[in-house]
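Below is one structure, written out as structure tokens; comments come after it.
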Amino acid sequence: MTGSEIVSGTSGKLGAVPDEGGVNFAVFSEHATAMELCLFSSDGRREETHLRLPEKTGPIWHGYVKGLPAGALYGYRAHGAYAPDQGHRFNPNKLLMDPYTRQLRGGWVHDKALLGYGETSNGLDQSLDTRDSAPFVPKSVVSEPGLFTTMSRAGAEAERDLIYEAHVKGLSQTHPGVPEAVRGTYEGLASDAMIEHLQKLGIRSVELLPVHAFVDDGFLVERGLTNYWGYNSIGFFAPEPRYFGPEGLSGFRTMVDRLHQAGIEVILDVVYNHTAEGDHRGPTLCYRGLDNASYYRLIAGQPCYYVNDTGCGNTLNIMHPFVLRMVMDSLRFWVECMGVDGFRFDLATTLGREPHGFDPHGGFFDALRQDPVLSQARLIAEPWDLGPGGYRLGEFPHEFAEWNDTFRDTVRRYWRGDSHSAQELGARLLGSADSFDRAGRRAWSSVNFISSHDGFTLADITRYNHRHNEANTENNHDGHHSNYSDNCGVEGETDDPVIRARRTRRQRNMLATLFLSQGTPMLLAGDEIANSQGGNNNAYCQDNEIGWINWDKVDDDLLDFVQALSAFRRAHRSVRQTRFLHGRRRPRDDLRDVEWTDFKGQPLHWRDPGLSSLCLTLRCSAEAPDFEPDADVVFIVFNRNEEPAEIILPKPAPGTHWVRCIDTAQAEPAAFCEIDTDHVPTEPRSVVALALKANETDADPKEH
């Protein structure tokens, strides 16, 4: 039988690596006593061959199967002690996924045979369960050799600006311009219609919610729901197959290539902090069965239970060298073989936890920063987890940008009218230097956002005071409590034109604040068209019209306004600087790089407890070197008051005048308006941005 002869092979590369003569298999397990390779029929239903891996080099089991072709289906059965009270949960009755597999065939079936332990009438016990799980799990696939080759990354060399957070399926599932055959797929995300939309918005990077192969939580399946967001990873090398289109696995590489050709980077939201196996009551799918005591952090003195800094039942043990190696190999695979440009690390504090606590110089960060490939990738941290001391905003290494939830909450509170929020807004507008201006970090370190996948959409921030998560079947107890939202007078939808206008103005104000702030702006997909989730602020399980973007209800005026904001930001370096601004005088003209004033043009009184509105003048940083001269100057007005106001403008430099470019009081993007006086009128509850423009001069007489 082809593929029935096995020899020692090598331990150099983990996973199933094919060549012309067969396939080399290598898998890590420090505590197993034997490792069995199981080969399956082409449909994955019949287990045809059992082969013991004949060699163990250090903690790596390996063997080479002669004559086995690419595309073969396989899995592992690990032998060893079943002793949960010692941290070991080996059970050869459970077919295990190869942690390094690039592809899965079939799906996960929610069945009790996946459990490694027995059950009694009172619940679980700790006895070994003997049911075979093979019929209920997908099979690992021996990848074609081409999947191990390096993919060109000749596409985006984008500035660190304007990230678009999107869900692969939800972005295109209902878009009428996307061919029906590829809606909700990798190919659909990079279809002509979607790329055109992204380019009109000026998107530099698309940040995708998890695309690593993941598992639907058992409690969701029992309720008839699924894990829509995908923060339940099981395969760190395999693209999630539910997003495959006509091209299958290669569709992912096609997506990346097409986005690169359009000048757009691809950033993946990755979940290396936990796995889909959950807590001690969860299924045995891969890591738990291969070497539970190595792959997971277990509670000291009670190794039957898992450390749960993630809130998801378990915590991956990144401190173990072979677990760290797996994460690093995974990251390199996605960069080198799949062409992605960077990563957003979910619950990144977990990845920096050492025995003494969070350490920005811990093993994971050291490994990442010295890696010649990964040190050049875009790195973004979600700077918190649920463990002790988990909130670490501003404490990551300088190579990282960080999600800034303080920006989100401050902007929402300011436009809601909360007291003392104007003072806080000042810091956020300048890139949150109070958190990030240290150790040579740059202003792009702050990833600013108004909304993200987790929470209300921008439209719902202005429509709902309370979450409405009843569809999640958790009695509306899930999701954020503190939304800092304001329904403007009526909860939910309304036909009242006054309330609708106020909501739209509020959305434009928050978007303008986002685009005019120093840092890296992130736009939630759909916010540019006023997409609503009906007040659901935790749509993680809503793979339906609640979670998908509704392209049938596009607010065209808002879309045009976002495009205008994006164009303004691209045109003016003073609002997207790499260096922090501290009001220092610039050597070249002795002007301050940022000045704060009130509506009368006088210095702003920050200690005023009633402060609600402010103005700032932005010039390029005093710390910029002389070889980066830039004359760009922008003046921005934030008028939160209920009355219109006349704003005294800064005196323009000789040979220049002010031009009004952005005005959120306009339903459509404001036409560029030349200002020939020393003041500009502003409407209530609005943002106005002006830029200096050189005066036009008469044509050179020699040209006549």
Please confirm whether [X] and [Y] have ring centers closer than 6.0 angstrom.
X	Y	result
His167	Trp229	no
His320	Phe28	yes
Phe365	Phe345	no
Phe237	Tyr100	yes
Phe25	Tyr64	no
Tyr82	Phe90	no
Trp334	Phe252	yes

(request) Decide, yes or no, whether a salt bridge links Asp346 with Arg344 under the criterion of side-chain N to carboxylate O below 4.0 Å. (result)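 Result for this pair is yes, salt bridge flagged.
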
(message) Counting neighbours of CD on Glu180 that are heavy atoms of other residues, nucleotides or ligands and sit closer than 6.0 Å, is the number greater than 12?
(response) no

(request) Please check if any side-chain donor atom of Glu240 sits under 3.5 Å from a side-chain acceptor atom of His212, or the reverse. (result) no

(message) Is it the case that the side chains of Asn538 and Asp478 hold a donor-acceptor pair, with the cut-off being a distance below 3.5 Å and no angle test?
(response)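 Present: a donor and an acceptor within the cut-off.
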
(request) If the plane angle is over 60° it's perpendicular, under 30° parallel, otherwise tilted; pick one for His88 and His31. (result) tilted

(message) What's the separation between atom CG in Asn469 and atom CG in Asn536, rounded to the nearest 0.5 Å?
(response) 4.0 Å

(request) State whether Tyr295 and Arg288 meet the cation-pi test: NZ (Lys) or CZ (Arg) under 6.0 Å from the six-membered ring centroid, and within 45° of the perpendicular axis. (result) no

